[in-house]
Amino acid sequence: MGIKAALPKYEIFFYNTVLCLAMFWAASWIFEVSSSNVNRKTFKTSVKPGWYYFGRKMDTADFEWMMWFSTYRDHILFALSGHVLFAKICSMLAPQYRSLVYMMYGLLAVWTSMGWTYVTLILSHCILLYSISLVKIRWLCFITGLCTLATFKCEPFVSWQAGFVEGDFELRHVLFYGGCGFTIMRCMSFALENCERKDGNYSILELLKYNFYLPFFYFGPIMTFDKFYVQANRSDLTRKEREMWNISLQGGIHLGVIIVIDVLFHFMYILTIPADMKLLKHLSDWALVGLAYFNLVYDWVKAAVMFGVINTVSRLDHLDPPKPPKCITMLYVNTICGTTAAKPCVFFIFLCWGSDVVFLCRYVYDYLGGKHDNVVEELIATLCTFAVTILWLGPCQVVMIWAFFNCFGLNFELWTAKFFAMEPFTSFELAMSEAMSRRIRAVFNSFNFWSIVLYNILALNSLDFAKLVTKRLLLKGFPITTIIVMFVTYCLIQVIKERERRQALIDDPDPLPPPPPPNAAPHPAAPAAAPAAPQPVADPSKEKAE
């Protein structure tokens, strides 16, 4: 089935209508539950007074959101504003030295906030991995990096290294683990790229420039060293047409999303309700299903906004940061088919944005999986990828279960694709229209969509909440709730496919048909025209390129 398979307009309009009504219906259930249970004892720790002119309390259960946009907002804005100011001055006066200025400002900011002993710890990790990279043995660099990363996950190494942090700064524990973890990943990227370099080695100064770029230092995203090296050392700083307008628009959108989420936190307590199991057992099926879906959507929006703000700053520095991952709403399969290979997106939802996935895809998943069409190679690639992911997140029961199910789902899709690529299934699909093939595939994608949702709420909420949603959706609510939810999901899949179809027509438009032959017959008195010279047959690939 081609991605450009179209459906009638009235059918797409019906799917959009059903989807909008279902979203409003589920949101109304959650709003009613939030309003009627605001004074529960279990809500007192996370539901606190908010904006007084709303007359409602606010859900403060998300530590990351409150840390970024409430508690430490001024600190982060002050540091990033200083970076933008110095970067702009340097870009105007000496653009060839801007990467060095980025490093000096980042080093000074880290030293001011965390102390010189913390800077010494970071530098020791950089020197260690730089020394290993000089050997140019790929597997040795990778093993060294993973062992170094493991020292931040197990005792007594964690306590010993945490002792290098000075001061009573409230954010220091978060900054300690964020800065150290992302430093190790960046050093691994540098070491692996240095192994690929044929002539000589990169200098340690390039590693320090790469690591101490302040917008990426504490919270990512991880921009691989090969891309950072080229972009940060580019002296031509001309911008594309309307680039500044797009950057300003992106910043305005992020500000608007922050305000919208803050408002919604006063009306729907989607983060506090899943922690109260007694209340969950009395909720309707629609409220539970809506909570599971909205939790995943919020987690993506939070990550996109948090790191979108950082990406806006990096775009002001003439960098092209990693693109944000697909929203959970757009994920009805575990893979995103790109131009060369399929990219796993199941861990987009739980990792710190898609930044770590860029690292994992480049150095683990694509390196071991090849073209991702061999069952054995794909199994090895996914197992190794999720093993690194478990180490990055910290081994625990919830992470283990999450990794197992997502790894199984990623491989199960390949097994299913191989199975249905055989006869007689291919003949059946070729015999039907493209529109019907799209409808049948959407039915199977609906079940796969909810498997992705159920796998990932394990990590975002709890195992008990995931079990309760699964029981209501597949057992207790069968068949009415199951059929209705799957039908709404089917409508969602068709809306997603329609958007992908339109984007495919923009990215790869169909060639124009050849002009029709002239219909006018020659005049009887006119002499017979000489036979036209044969025209060369057009090359379809050249015509496509033009």
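The shown structure was predicted, so the numbers you read here are calculated from the model rather than taken from an experiment.
A donor-acceptor pair under 3.5 Å links the side-chain atoms of Lys418 to the main chain of Asp373, judged by distance alone. Using modelled atom types, one side-chain atom of Asn194 and one backbone atom of Ser133 make a donor-acceptor pair closer than 3.5 Å. Under the 3.5 Å distance criterion, the side-chain polar atoms of Thr481 are left unmatched by any main-chain donor or acceptor of Phe478. A donor-acceptor contact shorter than 3.5 Å links the side chain of Lys153 to the backbone of Trp392. Here the side chain of Asn295 pairs a donor or acceptor atom with the backbone of Leu291 at under 3.5 angstrom. Checked by atom type and distance alone, the side chain of Asp59 pairs as donor or acceptor with a backbone atom of Leu271 at under 3.5 Å. For the pair Ser189 (side chain) and Met185 (backbone), a donor-acceptor distance under 3.5 Å is absent.
Between the side chains of Gln494 and Arg438, at least one donor N or O sits under 3.5 Å from an acceptor N or O. Of the N and O atoms on the side chains of Glu423 and Thr426, at least one donor lies less than 3.5 Å from an acceptor on the other residue. Counting only N and O atoms by type, the side chains of Thr224 and Asp226 include a donor and acceptor under 3.5 Å apart. Residues Tyr363 and Glu193 bring a donor and an acceptor atom of their side chains to less than 3.5 Å of each other. Asp262 and Trp65 are linked by a side-chain donor-acceptor pair at a separation below 3.5 angstrom, with hydrogens and angles left out of the test.
The aromatic rings of Phe152 and His125 are tilted relative to each other, their planes meeting at an angle between 30° and 60°. Ring planes of Phe14 and Phe487: tilted class, angle from 30 to 60°. Classified by interplanar angle (parallel below 30°, tilted 30° to 60°, perpendicular above 60°), the ring pair Phe449/Tyr293 is tilted.
Just one of Thr272, Asp276, Asn37, Ile273 meets the side chain to side chain contact (heavy atoms under 4.5 Å, CB included) condition when paired with Thr42; it is Asp276.
The number of heavy-atom neighbours closer than 6.0 Å to CZ of Phe425, taken from other residues, nucleotides and ligands shown, is above 12. Counting heavy-atom neighbours within 6.0 Å of Trp415 CH2, excluding the residue itself, gives a total above 12. For Phe267, the CZ atom sits in a packed shell: over 12 heavy atoms of surrounding residues, nucleotides or ligands are nearer than 6.0 Å.
Electrostatic pairing of Arg501 and Glu498 counts as a salt bridge here, judged by a charged N lying under 4.0 Å from a carboxylate O. Electrostatic pairing of Lys371 and Glu377 does not count as a salt bridge here, judged by no charged N lying under 4.0 Å from a carboxylate O. Ion pairing between a basic and an acidic side chain is recognised when a charged N comes within 4.0 Å of a carboxylate O; Arg441 and Glu434 show no such pairing.
Here CH2 of Trp450 is found 7.5 Å from CE of Met486. Values are rounded to the nearest 0.5 Å.
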